[in-house]
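Everything on this sheet refers to the single structure shown next.
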Amino acid sequence: MWGLHEPNAPAALDKPLIDPFGRSIAYLRVSVTDRCDLRCVYCMSEDMNFLPKRDLLTLEELDRVCSFFVARGVRKLRITGGEPLVRRDIMTLFRSLSRHLDGGRLDELTLTTNGTQLARHAAELAACGVRRVNVSLDTLDPDKFRRITRWGDLKRVLEGVDAAQAAGLKVKINAVALQGVNEDEIEGMMVWAHRRGMDLTLIEVMPLGEIEPDRVEQFLPLSAVRARLAQTYTLTDLPDRTGGPARYVRIEETGGRLGFITPLTHNFCESCNRVRLTCTGTLYMCLGQEDAADLRAPLRQTTDDAALAAAIEAAIARKPKGHDFVIERRKPAAVGRHMSVTGG
Ligand code: SAM
């Protein structure tokens with residue numbers, strides 16, 4: 001029954017999912033839609049073809065598969081997309097999944113959002129037990145924001161950030177570092193974020209999905225950003241890990257944290273404990289590899305979880321050691337699917 005489904009293969013409960021390299025799968029990222037109300041130039045092409053509704057997992061199916069993973073040791077769920085807050089009735093899923101927080105089987109329920117709908121949903125997210133949100137924001141300049149997102153309104157995102165903080169949510173800003181686009185703003189964004197008590201994490205642009213611009217033009221190695229910041233600020237390496245691939249430094253002058261996600265200049269696959277589920281029920285064991293498992297068929301085949309368990313176990317047994325991104329001129333993207341498909 002919707003919202004009350006619990007995995008129904010008791011023998012499998014508590015048996016953790018461990019991959020061939022001994023990594024326990026404790027983190028599931030779930031893309032709940034491939035649609036987005038923005039079209040960031042490094043993420044999507046302008047004329048994306050979105051999936052027909054029948055291909056998407058229903059909210060009930062999403063709840064069922066998430067709950068299965070929770071029963072098998074996932075402690076952190078991140079809801080993403082596309083833009084998760086544009087999925088109709090998405091709060092029903094948050095309300096339902098929050099039972100795992102209450103029951104102590106889940107440590108964290110969180111989301112990654114572009115912030116455009118956050119003002120509407122922040123209070124309810126907090127009421128569902130969400131404590132932290134990641135807001136993707138690459139610039140504080142309204143014109144540049146419109147250019148990067150192709151039509152977005154920065155004001156709405158900033159209102160979303162305000163609402164999230166007012167609701168008591170801890171906000172982290174994620175910015176993709178783009179050569180010649182926002183590299184001159186990184187320091188200003190960092191100071192802005194730290195003044196508001198928010199971490200800022202910088203991300204290297206990854207070769208995911210074909211887009212119109214050449215990613216060589218966009219790519220800005222974060223080693224260069226770090227070196228530049230170090231001319232003005234004191235960066236102290238921190239051991240802090242938030243369960244993701246970011247490495248953090250404290251900026252002594254602001255007292256805030258700055259994160260670096262460097263899948264190109266340095267990947268951290270060895271400690272990867274995550275898998276990603278697309279909105280159509282495809283499970284990717286690695287962001288940068290093509291191998292995947294279909295969970296929609298076993299989900300729809302029967303209400304019994306045995307087939308689902310078998311599909312997930314077989315998939316985890318194939319989780320690769322890691323990925324190896326390169327960005328080179330005229331080279332196709334490392335994987336054909338856009339970040340909005342796999343779930344960023
Ligand atoms: N719509 C939500 C958002 O904006 O956060 C969630 C999905 S979005 C695909 C997740 C994150 O992926 C965003 O921070 C976005 O900037 C980032 N992203 C998208 N394509 C990327 C790429 N090719 N390389 C690096 N980051 C990318």
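We count ligands from 1, going down the list as the structure has it; atoms in each ligand are counted the same way.
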Give a yes/no on ligand 1: does G81 have at least one heavy atom closer than 4.0 angstrom to it? yes
Residue pair V171 / R196, side-chain heavy-atom distance below 4.5 Å: no
Ligand 1-proximal atoms of N114, by part, heavy-atom distance under 4.0 Å: both
Counting heavy atoms under 4.0 Å, the part of N134 that contacts ligand 1 is neither
So how far is it from Q289 CD to K321 NZ, rounded to the nearest 0.5 Å? 12.5 Å
For ligand 1, is there an N or O atom under 3.5 Å from any N or O atom of D138? no
Side chains of D141 and T139: donor-acceptor distance under 3.5 Å anywhere? no
Ligand 1 atoms in contact with M206 (distance to a heavy atom under 4.0 Å): 22 (C), 23 (N), 24 (N), 25 (C)
For ligand 1, which atoms sit closer than 4.0 Å to a heavy atom of G82? 1 (N), 2 (C), 6 (C), 7 (C)
With a cut-off of 4.0 Å, which atoms of ligand 1 are near a heavy atom of S136? 3 (C), 4 (O), 5 (O), 13 (C), 14 (O)
So if I count the atoms of ligand 1 from 1 in the order they appear, which ones are less than 4.0 Å from some heavy atom of E204? 25 (C)
Element-labelled atoms of ligand 1 that are located less than 4.0 Å from some non-hydrogen atom of V205: 24 (N), 25 (C)
Kindly compute the distance separating CD1 (I203) from OH (Y42), expressed to the nearest 0.5 Å. 7.5 Å
N/O to N/O below 3.5 Å, does that happen between Y42 and ligand 1? yes
For T80, the atoms of ligand 1 under 4.0 Å from one of its heavy atoms are 6 (C), 7 (C)
With heavy atoms under 4.0 Å as the rule, classify the contact between T112 and ligand 1 as side chain, backbone, both or neither. both
Of all the atoms in ligand 1, which lie at a distance below 4.0 Å from a heavy atom belonging to V176? 16 (O), 26 (N)
Verify whether one side chain among D199 and Y248 offers a donor that lies under 3.5 Å from an acceptor in the other. no
When you check the side-chain N and O atoms of R247 and T262, is any donor under 3.5 Å from an acceptor? no
When you check the gap from the basic side-chain N to the acidic O, do R72 and D305 get nearer than 4.0 Å? no
Side-chain ion pair, K76 and E108, N-O less than 4.0 Å: yes
Any ion pair linking R146 and D143 (charged N to carboxylate O, less than 4.0 Å)? yes
